[in-house]
Amino acid sequence: MTPIDWDKDLNPEQREAVLFGDGPLLVLAGAGSGKTRVLTYRYAHLVYEREVYPSRMLAVTFTNKAAAEMRARIEKQIGEGVGGWIGTFHSISSRILRQVAPRVGFDPHFTIFDADDQRSLIKSICRDHGLDPTSERIGRVRAYVSRLKTDRGNIPEPESPMEEEAARIEPVYTQTLRRMNAFDFDDLLVVPIEIFQEDPHLLEEYASRFRYLLVDEYQDTNWVQNELVRMLSSVHGNVAAVGDDDQSIYRWRGADVKNILDFEETFPNAHVIRLEQNYRSTKPILDAASAVIENNVSRRGKRLWTDKPGGDLLTLQRFFTDREEGMSIARDIQRRVRMNMNRFSDFAVFYRTNAQSRSLEDGLRLHAVPYRLIGGLRFYERKEVKDLLAYLRLLANEADDLSFARILNVPARGVGAKSREHLVAHAKERGQSLLEAVRSGAPVPGLTSRAAGRIGELGALLGRYSERARDEAPHDLVRDLAEEIGLVRFYESKEGEKGLLRGENIDELIAALADFERRKPSGNLVDFLAEVSLLTDIDSWDEGQEAVTLMTLHNSKGLEFPRVYIAGAEEGLLPHARSMMDESQLEEERRLFYVGLTRAMEKVTLSHVGSRLRYGEIAPAIPSRFLKEIPEELLEKIGALPSAGRGGIGAAARPYSSGRSLFDEPEPAHDAFPDYENESQEQPVFRFEAGDGIRHASWGDGRVTRVEGSGMDTKITVEFRAGFTKKIMVRYASLEHLPRKRGR
DNA sequence: TTCCCTGCCGTTTTT
DNA sequence: CGGCAGGGAA
Ligand SMILES: Nc1ncnc2c1ncn2[C@@H]1O[C@H](COP(=O)(O)OP(=O)(O)OP(=O)(O)O)[C@@H](O)[C@H]1O
């Protein structure tokens with residue numbers, strides 16, 4: 001146990017927030033000012049000094065990972081296990097929903113539908129209604145349904161024909177969910193609220209229980225979440241919320257920054273505390289971030305200062321291609337680690353879109369830099385994992401027709417689309433779920449005897465396993481099940497090499513289940529499925545792992561790293577092309593950039609490229625407007641900046657400047673390479689001449705004796721100090737020019 | 001019914 | 001470029 005030193009660990013404002021007594025409290029403060037620390041210490045203080053039972057506390061974090069971290073910190077401080085509820089809005093409301101379900105006529109074994117399940121369901125409903133299930137239509141219906149649930153504060157009147165269509169589909173969608181005893185992500189939040197509205201006694205039960213509420217990242221709560229906080233605090237009135245309006249980056253999914261800005265209206269007599277000292281970043285980083293966010297008009301201004309002396313300038317790098325960007329970042333990281341200046345886990349690379357990770361990953365792999373990718377395709381969203389999970393979901397919840405339909409022919413049983421339609425029609429006729437209809441043994445009209453036989457076998461199989469599920473450890477059961485249906489063999493025979501990988505993921509799922517049983521011995525299959533549905537990639541991120549972290553800017557919220565790269569600082573990417581229509585979207589993009597910058601403790605390296613591979617095509621790119629918002633004197637600009645008429649890879653990778661010659665006019669100001677083209681110390685990446693001194697990441701220093709090829713394909717022969725000579729493909733090597741006197 | 005091939009489309013961000 | 005749905009052939 002680490003005894004809490006209230007004086008040493010907290011500044012006076014933080015201490016005020018931690019020790020604050022009863023009533024609503026808002027800590028509105030900038031990045032890195034110790035808001036999360038306030039919440040953690042307040043929790044510990046309430047439990048340790050004021051002797052509030054953890055069971056009477058409720059703490060809400062943005063990710064499961066943050067929840068686990070907070071719990072661990074508190075336990076370390078007070079020296080004992082903390083059993084109170086600490087979790088995300090979704091995990092907390094799904095717990096409430098499961099608890100109250102039997103009392104309001106729901107089955108607590110309900111299934112949670114993820115985005116993928118939602119899409120499948122909407123798709124099948126569209127088909128039933130004779131609508132072509134285009135991905136656009138599915139997306140719009142999904143967005144509409146979601147908005148209807150999470151933004152009940154201002155219910156949208158259907159305006160466009162598309163919205164009217166969505167409005168017609170919505171009731172069917174919701175009814176179908178209920179019939180399948182399933183809830184989507186938004187339901188998890190909104191259904192408990194509806195239940196509380198209908199049954200004030202039930203609400204009172206919960207609201208009385210939670211004497212103190214603590215909520216992190218309040219700026220990104222949506223209407224339902226705000227409502228839930230309001231309701232749960234309605235008896236004791238002790239809400240402590242912390243957040244930063246400048247870090248609100250989820251408006252696109254319904255978050256409303258008004259929840260934090262109007263906190264004092266929602267919770268009258270709220271005490272507001274501001275924190276102004278930043279403990280995370282060096283001054284140049286903090287000043288750059290502040291200067292950027294100043295450009296937003298709609299914000300509550302904040303002051304932020306640091307007493308950290310010195311600090312490196314931010315670096316802005318420019319590359320010809322995204323490929324080079326990845327290579328250079330990797331080389332940079334590898335170099336610092338080899339020189340024992342950092343460890344891999346000190347670094348994070350952020351980007352706007354998941355698609356950007358590819359070129360970055362390629363670079364890291366080529367330079368043998370270990371990395372961990374957060375986001376993109378999640379483990380539990382993989383096809384093979386969802387296939388096996390569908391079996392488990394059916395064992396837990398027989399009404400889950402979506403899962404039944406999914407596994408009906410996985411692995412292949414000779415039961416195709418036609419047979420499935422017959423079965424679906426039959427079940428509908430009888431008012432049963434698919435599995436019930438199969439179990440009943442009643443003949444399905446239209447089915448071939450072969451198909452009927454196979455379906456019968458499936459029903460029997462599921463019956464056997466649901467028997468076993470009563471008293472056997474889930475992971476044993478699942479291992480046997482996967483073995484018996486031959487899932488791994490199925491993928492292998494169908495997809496070969498790739499199927500092998502799927503097999504590995506099946507094994508990993510079984511291992512995850514075993515791990516869950518170890519962690520939560522009292523947990524059952526339903527608990528596991530719920531946990532898995534609400535798990536995100538970042539939750540399984542292990543900081544201790546010696547690896548560079550790759551993630552989107554969105555995922556970086558709340559984290560911190562010594563050295564941060566922000567790749568792809570380009571128009572169309574950051575700000576994203578689809579968020580440039582109006583000023584408010586643009587401001588959210590700027591906040592995203594601000595969040596990224598403020599994650600860094602020691603160093604920020606920004607990069608942009610001249611052309612980027614998109615959809616397999618070369619697309620030109622120009623630097624982000626946000627870069628100009630960083631004061632010149634905080635920025636060190638380096639990189640391969642071309643000048644007109646020069647050969648080498650620059651010309652090839654830069655379609656809009658090809659054809660230029662030394663005699664062309666200077667490039668106009670709106671060109672891709674504004675301002676700093678002439679002032680930077682030029683260090684073209686792959687330009688070598690015989691006689692150059694170089695440093696290789698593993699072979700040390702040497703001198704170039706011969707150069708072959710050009711651009712990306714340059715090969716150089718190097719005599720190393722250590723006495724050996726090597727031929728090196730410049731593109732793949734971790735090379736660095738040693739200082740030399742070459743004019744610009 | 002299955003499997004293979006073609007052609008189309010996607011990229012914003014995610015609980 | 002890559003994944004996947006849908007169409008056509010075995
Ligand atoms: N009083 C303090 N003295 C020293 N370090 C502190 C203090 N308060 C917080 N810190 C440190 O500063 C860093 C940022 O703290 P924290 O994550 O709580 O800030 P935050 O306001 O939640 O940040 P953000 O909003 O950017 O996520 C952490 O490394 C934390 O340990």
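A, B, ... follow the sequence lines: proteins, then strands. Residue 1 opens every chain. These numbers come from a predicted model, not from an experiment. Just so you know, these numbers use all the heavy atoms, side chains as well, and skip hydrogens, waters and symmetry mates.
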Chemist: What residues, two or more places apart in sequence or in another chain, satisfy salt bridge (charged side-chain N to carboxylate O under 4.0 Å, His left out) together with A/D116?
Modeler: A/K386, A/R406
Chemist: Holding to side-chain hydrogen bond (donor to acceptor under 3.5 Å, both in side chains), I want the full list of residues that pass it with A/K520, two or more places apart in sequence or in another chain.
Modeler: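 With neighbours one apart ignored, the set is A/E531.
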Chemist: Base, sugar-phosphate, or nothing: which does A/D114 touch, judged by heavy atoms less than 4.0 Å apart?
Modeler: nothing
Chemist: Between A/D220 (CG) and B/dT15 (P), how many Å, whole number?
Modeler: 12 Å
Chemist: Closer than 4.0 angstrom, basic N to acidic O: yes or no for A/D246 and A/R591?
Modeler: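 No, no charged N to carboxylate O under 4.0 Å.
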Chemist: Name all residues meeting the side-chain hydrogen bond (donor to acceptor under 3.5 Å, both in side chains) criterion together with A/Y173; count only those two or more places apart in sequence or in a different chain, and write none if there are none.
Modeler: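 side-chain hydrogen bond (donor to acceptor under 3.5 Å, both in side chains) list for A/Y173, sorted by chain: A/Q118, A/D184.
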Chemist: Nucleotide by nucleotide, 5' to 3', does protein get under 4.0 Å of the base (B), only the sugar-phosphate (S), or neither (-) in nucleotides 5-10 of chain C, counting heavy atoms?
Modeler: -S----
Chemist: For A/R599 and A/L559, indicate whether the former's side chain and the latter's backbone hold a donor-acceptor pair under 3.5 Å.
Modeler: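 A pair under 3.5 Å: yes.
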Chemist: Would you please name every residue forming a salt bridge (charged side-chain N to carboxylate O under 4.0 Å, His left out) with A/E629, sequence neighbours left out?
Modeler: A/R590
Chemist: For A/D245, enumerate each residue passing the salt bridge (charged side-chain N to carboxylate O under 4.0 Å, His left out) test, keeping only those at least two apart in sequence or located in another chain.
Modeler: A/K302
Chemist: A/M551 has an atom CE; how far is it from atom C1' of B/dT14, in whole Å?
Modeler: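 Spelled out: CE on A/M551 to C1' on B/dT14 is 14 Å.
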Chemist: From CZ of A/F62 over to P of B/dT14, roughly how many Å is that when rounded to an integer?
Modeler: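 Roughly 10 Å, once rounded to whole Å.
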Chemist: Reckon A/T536 has a side-chain N or O less than 4.0 Å from the OP1 or OP2 of B/dT14?
Modeler: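 Negative; the distance criterion is not met.
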Chemist: By the salt bridge (charged side-chain N to carboxylate O under 4.0 Å, His left out) test, which pairs, at least two apart or in different chains, include something from residues 567-576 of chain A?
Modeler: A/E570-A/R612, A/E571-A/R625
Chemist: Validate the cation-pi geometry between A/R253 and A/Y250: distance from NZ or CZ to the six-membered ring centre under 6.0 Å, angle to the ring axis within 45°.
Modeler: yes
Chemist: Determine the contact category for A/R378: base if any of its heavy atoms lies under 4.0 Å from a base atom, sugar-phosphate if only primed atoms, P, OP1 or OP2 are that close, otherwise nothing.
Modeler: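 Here A/R378 touches the bases of the nucleic acid.
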Chemist: Using whole Å, what does the distance between atom C1' of nucleotide B/dT13 and atom CZ of A/R142 come to?
Modeler: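 Value for this atom pair: 12 Å.
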Chemist: In whole angstroms, how far is the P atom of B/dT15 from the NE2 atom of A/H554?
Modeler: 11 Å
Chemist: Show me the protein contacts with nucleotides 7-11 of chain B, counting only N or O atoms at under 3.5 Å.
Modeler:
from   : atom 1 : to     : atom 2 : distance (Å)
B/dT11 : O3'    : A/R578 : NH1    : 3.2

Chemist: Within the pair A/N555 and B/dT14, is there a side-chain N or O less than 4.0 Å away from OP1 or OP2?
Modeler: yes
Chemist: Contact class for A/N354 vs. all strands (heavy atom < 4.0 Å): base, sugar-phosphate, or nothing?
Modeler: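 A/N354: backbone/sugar contact only, no base atoms under 4.0 Å.
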Chemist: Salt bridge (charged side-chain N to carboxylate O under 4.0 Å, His left out) with A/E170: which residues, sequence neighbours excluded?
Modeler: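 By the salt bridge (charged side-chain N to carboxylate O under 4.0 Å, His left out) rule, A/E170 matches no residue at all.
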Chemist: Any side-chain donor-acceptor pair under 3.5 Å between A/Q356 and A/T353?
Modeler: yes
Chemist: Rounded to whole Å, please give me the gap between CG in A/D116 and P in C/dG3.
Modeler: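 One finds 16 Å between P of C/dG3 and CG of A/D116, rounded.
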Chemist: Do any of residues 580-587 of chain A sit with a heavy atom less than 4.0 Å from DNA chain B, and if so which?
Modeler: none
Chemist: Using heavy-atom distances to pick each residue's nearest nucleotide on DNA chain B, tell me which of A/L535 and A/S579 is more 5'.
Modeler: A/S579
Chemist: Taking atom OG of A/S579 and atom CH2 of A/W252, what is their separation to the nearest 0.5 Å?
Modeler: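 Between atom OG of A/S579 and atom CH2 of A/W252 there are 10.0 Å.
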Chemist: Provide a list of protein-nucleic acid N or O atom pairs under 3.5 angstrom, restricted to nucleotides 1-5 of chain B.
Modeler:
from  : atom 1 : to     : atom 2 : distance (Å)
B/dT1 : OP1    : A/G416 : N      : 2.4
B/dT1 : OP1    : A/S419 : OG     : 2.6
B/dT2 : OP1    : A/G414 : N      : 2.9
B/dT2 : OP2    : A/N409 : ND2    : 3.2

Chemist: Could you tell me the separation between the CZ atom of A/R382 and the P atom of C/dG3, rounded to a whole number of Å?
Modeler: 12 Å
Chemist: Quick one: ring pair (Phe, Tyr, Trp, His ring centres under 6.0 Å) partners of A/F89, sequence neighbours excluded?
Modeler: none
Chemist: If I take atom CG from residue A/D114 and atom CZ from residue A/R119, how far apart are they, to the nearest 0.5 angstrom?
Modeler: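 Atom-to-atom, A/D114:CG and A/R119:CZ are 8.0 Å apart.
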Chemist: Rounded to whole angstroms, how far apart are CD on A/Q118 and C1' on B/dT15?
Modeler: 11 Å
